[in-house]
Undergrad: 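Below is the structure I would like to discuss, written out as structure tokens.
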Amino acid sequence: MTRRATDNTKALDAFIAAKTEIDAMLERLAALSADHFETHPDEINWGHVGTLSHYRAKLREITDMAFREGEHAE
């Protein structure tokens with residue numbers, strides 16, 4: 001029985017599309033962070049802290065998975 005060579009063109013296209021979307025999201029987040037998440041020091045309240053902590057937790061989950069850290073450590 002002969003095996004056909006695997007054509008991964010569709011998988012590669014989907015991978016590149018996902019990577020492109022991630023790159024765009026990271027660029028937007030970096031710009032928002034550089035602008036202090038559109039806040040002014042005189043306007044900061046605990047709601048801002050909560051929102052930023054939520055963002056941080058989600059990003060930590062992603063980085064822990066990507067780098068095999070935290071609960072995803074081997």
Undergrad: Tell me, which pairs form a salt bridge (charged side-chain N to carboxylate O under 4.0 Å, His left out) where one or both residues lie in residues 63-74, sequence neighbours left out?
TA: R68-E74

Undergrad: Atom CZ of residue position F15 - does it have more than 12 heavy atoms of other residues, nucleotides or ligands inside 6.0 Å?
TA: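 No, CZ of F15 has 12 or fewer neighbouring heavy atoms, counting only those of other groups under 6.0 Å.
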
Undergrad: Output side-chain donor-acceptor pairs under 3.5 Å for residues 51-62, partner residues at least two apart or in another chain, one line each.
TA:
residue : atom : partner : partner atom : Å
T51     : OG1  : G47     : O            : 3.1
S53     : OG   : V49     : O            : 2.9

Undergrad: Tell me every residue that passes side chain to side chain contact (heavy atoms under 4.5 Å, CB included) with T9, counting only those two or more places apart in sequence or in another chain.
TA: D7, D13

Undergrad: Can you sort out the partners of D23 under salt bridge (Lys or Arg N to Asp or Glu O under 4.0 Å), two or more places apart, ordered by chain and number?
TA: K19

Undergrad: What pairs of residues pass the side chain to side chain donor-acceptor pair (under 3.5 Å) test when at least one of them lies in residues 38-47, not counting sequence neighbours?
TA: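 Listed by first then second residue: N45-H48.
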
Undergrad: Name each donor-acceptor pair under 3.5 Å that joins a side chain in residues 27-36 to protein atoms two or more places apart or in another chain, with its distance.
TA:
none

Undergrad: If I take atom CG from residue N8 and atom NZ from residue K10, how far apart are they, to the nearest 0.5 angstrom?
TA: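 Rounded to the nearest 0.5 Å, the CG-NZ separation comes out at 12.0 Å.
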
